[in-house]
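Please read all numbers here as calculations on a predicted model, not as lab measurements.
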There are 2 protein chains.
Amino acid sequence: MPPNDEVPPQDSAASPDSPERPEPPEPTPGRLRSTDIARLAGVSVSAVSLAFNARPGISDSTRKRILDIAEELNWRPHRAARALKGAGNDVVGIVIARPARTLGVEPFFAHVLSGLQSRMSIEGIATQLLIVEDTEAEVAVYRRWAAENRVDGLVLFDLAVDDVRPQLVADLRIPAVILGGHGAPSPLTSVWADDHAAMTRILDYLSSLGHRFIGHVSGVPSYQHTRRRLRAVADARETLGVDIVTVETDYSDTQGASATRRLLEASPRCTAIIYDSDVMAVAGLGVATEMGVRVPDDVSIVSFDDSVLTRLPHPPITALTRDTYALGTLTATELLHVMAERPEPRAVQAPTPELVPRGSTAPPPERRVP
Amino acid sequence: MPPNDEVPPQDSAASPDSPERPEPPEPTPGRLRSTDIARLAGVSVSAVSLAFNARPGISDSTRKRILDIAEELNWRPHRAARALKGAGNDVVGIVIARPARTLGVEPFFAHVLSGLQSRMSIEGIATQLLIVEDTEAEVAVYRRWAAENRVDGLVLFDLAVDDVRPQLVADLRIPAVILGGHGAPSPLTSVWADDHAAMTRILDYLSSLGHRFIGHVSGVPSYQHTRRRLRAVADARETLGVDIVTVETDYSDTQGASATRRLLEASPRCTAIIYDSDVMAVAGLGVATEMGVRVPDDVSIVSFDDSVLTRLPHPPITALTRDTYALGTLTATELLHVMAERPEPRAVQAPTPELVPRGSTAPPPERRVP
DNA sequence: TAGGGCAACTAAAACGTATCAGGCATATTG
DNA sequence: CAATATGCCTGATACGTTTTAGTTGCCCTA
């Protein structure tokens with residue numbers, strides 16, 4: 001056995017038998033390294049590495065001894081050194097292209113993030129969040145992250161029509177998953193919900209209540225999911241024979257409110273309004289109340305998204321509900337799979353949101369003379 | 001030298017002019033390294049390093065040439081290698097100890113995070129978010145991150161009375177800032193708001209409207225900021241001579257609703273209710289409406305936190321408002337300072353929230369016979 | 001008893017960058 | 001003009017791991 005003479009845990013004066021090892025009692029412990037653990041366990045650094053990575057080639061007793069010592073000293077392999085050897089960083093990145101100040105208004109996003117994060121942390125993977133101003137900046141971040149080797153995976157949000165990001169990210173060889181993509185072929189795996197079917201559920205419901213003239217406050221039409229909803233609206237005009245008027249907005253409460261005002265001032269007036277987001281629905285409810293339009297007696301209100309926002313006001317708002325948290329965990333699971341196996345891209349369908357009738361919807365008022 | 005004789009890649013005929021450098025045209029570019037940039041620029045790797053780290057010892061023209069080439073090839077220093085040399089990871093961590101499913105309901109947190117993140121990203125620092133179940137798990141994460149050298153800084157939220165985290169994080173030598181700590185001495189720098197003064201603003205306002213019996217739906221009393229608010233309430237009882245009854249909750253909309261019901265069913269009934277959070281205030285408004293208690297005619301409502309939640313319902317809710325986003329950027333700036341300079345801990349006071357009267361508050365109803 | 005096979009372990013070579021101690025010109029000084 | 005300083009650049013080394021290619025010693029088999 002080499003000069004691996006064990007150092008006696010001697011707090012007293014310098015042990016005379018080993019003059020070549022002064023071993024100063026460092027006040028700042030510097031940093032523990034695998035060497036230190038190896039020395040204390042009486043093995044080589046290689047053995048420490050084998051123990052920590054659960055690899056064969058080491059006896060169980062030695063492994064346990066090493067791990068115990070490391071545990072006691074709260075030592076772990078230095079991440080950077082590990083990553084340098086080609087191991088992952090255990091980080092996934094999420095870049096959101098929105099004005100930072102408006103973020104946090106969207107319960108949807110926060111919930112998805114929670115679910116995603118929760119699933120990832122089970123694997124010891126952290127989530128890195130970056131908020132940028134626009135898609136251009138977002139693309140720059142992807143390039144930088146790819147060059148720096150900063151993340152092991154990505155989640156893409158808010159896919160637009162003709163979005164450049166999937167191809168870019170695929171070219172950069174970063175494992176990634178699209179949340180809210182379409183079912184169509186794509187260079188990336190996507191997790192998507194059937195917005196068309198979801199919107200149809202709302203329209204069927206309102207139609208069955210007797211509504212024949214419906215307002216639709218939609219979101220940004222460049223988003224893919226908005227497109228799908230609009231298509232469902234178009235289809236319903238034919239299938240159900242209802243009259244639907246759409247007002248496009250930017251998803252903000254401000255535009256949701258003004259769109260509502262416009263719809264309610266029009267004559268003839270629609271008997272129900274569908275909102276593409278919970279924030280706009282609540283804003284719309286406020287406008288109606290303010291204008292003296294009773295909900296649901298005069299007009300019914302339905303929200304496409306559900307959250308605490310829709311449940312708290314009076315009356316609570318009928319909404320499509322889905323387990324947004326579970327959507328996050330599903331996305332995370334899929335991303336983990338992509339990171340591990342690099343499979344061919346595929347489309348994973350999330351459950352279609354369910355309609356939850358609440359107090360904001362009722363049959364339309366009797367037709368009365370103007 | 002051991003039998004490590006180099007194996008010639010004999011797939012092609014050895015190029016006669018440089019037999020020691022086969023330089024195969026790699027189809028997968030592997031990865032660019034500083035060596036490649038150096039070769040293309042006709043300099044050494046050291047020069048590349050000097051150029052990228054803006055250090056002296058290199059001419060401007062050479063620097064530019066190197067940077068241009070790197071830019072063109074989208075090359076950047078490998079993060080792990082850089083971090084291994086002692087440079088920072090350019091990552092700050094945020095650990096939130098709450099049930100993941102309930103997160104995302106809090107606009108406050110999301111806004112702060114946006115501001116924080118936005119300021120950090122200016123410095124090229126990413127924000128790593130982790131949601132854990134309880135404080136015990138949170139502490140474990142700090143230990144792990146410290147051992148792994150994963151983050152350059154931390155932000156601590158939701159400080160409790162007798163919180164163990166500040167001392168732990170200080171012991172682990174991780175630069176950190178507390179958001180919402182108190183003004184008292186602490187091992188860590190903290191950014192705090194004067195909750196006492198803020199609550200006093202609400203009480204003064206309600207008192208000046210003529211309210212003499214006020215309900216207070218408070219949050220978890222183990223939080224430091226809750227304590228400060230309660231103290232302000234106690235002080236106001238004496239100073240203003242108003243009668244205040246406090247109901248403690250866990251900040252959830254459910255408990256906010258039931259607390260409201262209890263307050264409104266009591267006799268005599270209070271003429272105003274203060275809520276410690278926006279979520280509870282909105283829930284309370286819903287309960288009042290449902291019970292046929294008019295707001296603000298029968299009871300006034302004030303929220304301690306402001307957000308889209310308080311602005312959207314009808315009537316909009318009078319609230320203490322502050323620039324939560326700016327609070328995030330302020331915290332970020334402070335953390336950057338701590339990371340760079342390791343100064344003595346200090347307490348940075350954020351602006352005291354301002355009261356914004358909205359439709360939910362009015363003078364109390366005339367006293368009438370029971 | 002030689003040989004092979006195996007388990008347990010180790011020495012040394014990466015990984016990609018930053019830094020440090022020079023080296024070599026050219027400019028400045030006495 | 002020699003001596004010194006300065007500007008620009010390079011070679012070698014270190015950072016803390018993982019991994020590869022061994023090297024033991026031991027048991028089993030023929």
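- Using a 4.0 Å cut-off, no side-chain N or O of Arg33(B) falls inside it from OP1 or OP2 of dT17(C).
- Between Trp75(A) and the phosphate of dG16(D), there is no side-chain N or O to OP1/OP2 separation shorter than 4.0 Å.
- No side-chain N or O of Arg165(A) forms a donor-acceptor pair with one of Thr135(A) less than 3.5 Å apart.
- For the pair Leu156(A)/Leu179(A), no side-chain contact is recorded, criterion being any heavy-atom separation below 4.5 Å from C-beta on.
- Counting to the nearest Å, the P atom of dA8(C) and the NZ atom of Lys64(A) are 17 Å from each other.
- The two atoms that bring Gly93(B) and Trp145(B) nearest to each other are CA-CZ3, 3.6 Å, heavy atoms only.
- With rounding to whole Å, Arg79(B) atom CZ is found 10 Å from dA18(C) atom P.
- The separation between Arg39(A) atom CZ and dT10(C) atom P is 14 Å, rounded to whole Å.
- Annotation: side-chain contact (heavy atoms from CB on, under 4.5 Å) contacts of Asp90(A) (sequence neighbours excluded): Arg79(A), Ile125(A), Asp152(A), Arg150(B).
- Per the geometry, CG belonging to Asn53(A) stands 12 Å off P belonging to dT20(D), to the nearest Å.
- Between Leu84(A) atom CG and dT18(D) atom P the separation is 11 Å, expressed in whole Å.
- The CZ-C1' distance, from Arg31(A) to dG16(D), rounds to 9 Å in whole Å.
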If a protein heavy atom is under 4.0 Å from the base, mark B; if only from the sugar-phosphate, S; if neither, -; do that for nucleotides 5-13 of chain D going 5' to 3'. ---BBBBB-

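- The two residues Ala176(A) and Leu188(A) come nearest to each other via the heavy atoms CB-CD1, 4.0 Å.
- Between the side chains of Ser46(A) and Ser49(A), not a single donor N or O lies within less than 3.5 Å of an accepting N or O.
- Note: CZ (Phe52(A)) to P (dT19(D)) measures 15 Å, nearest angstrom.
- For Arg82(A) and dT17(D), the shortest distance from a side-chain N or O to OP1 or OP2 is not below 4.0 Å.
- The nearest whole Å value for the distance from the CD1 atom in Ile37(B) to the P atom in dA18(C) is 12 Å.
- Residues Thr329(B) and Gly115(B) come closest through the heavy atom pair CG2-O, 3.3 Å.
- The shortest distance between the side-chain N/O atoms of Arg55(B) and the OP1/OP2 oxygens of dA18(C) is not below 4.0 Å.
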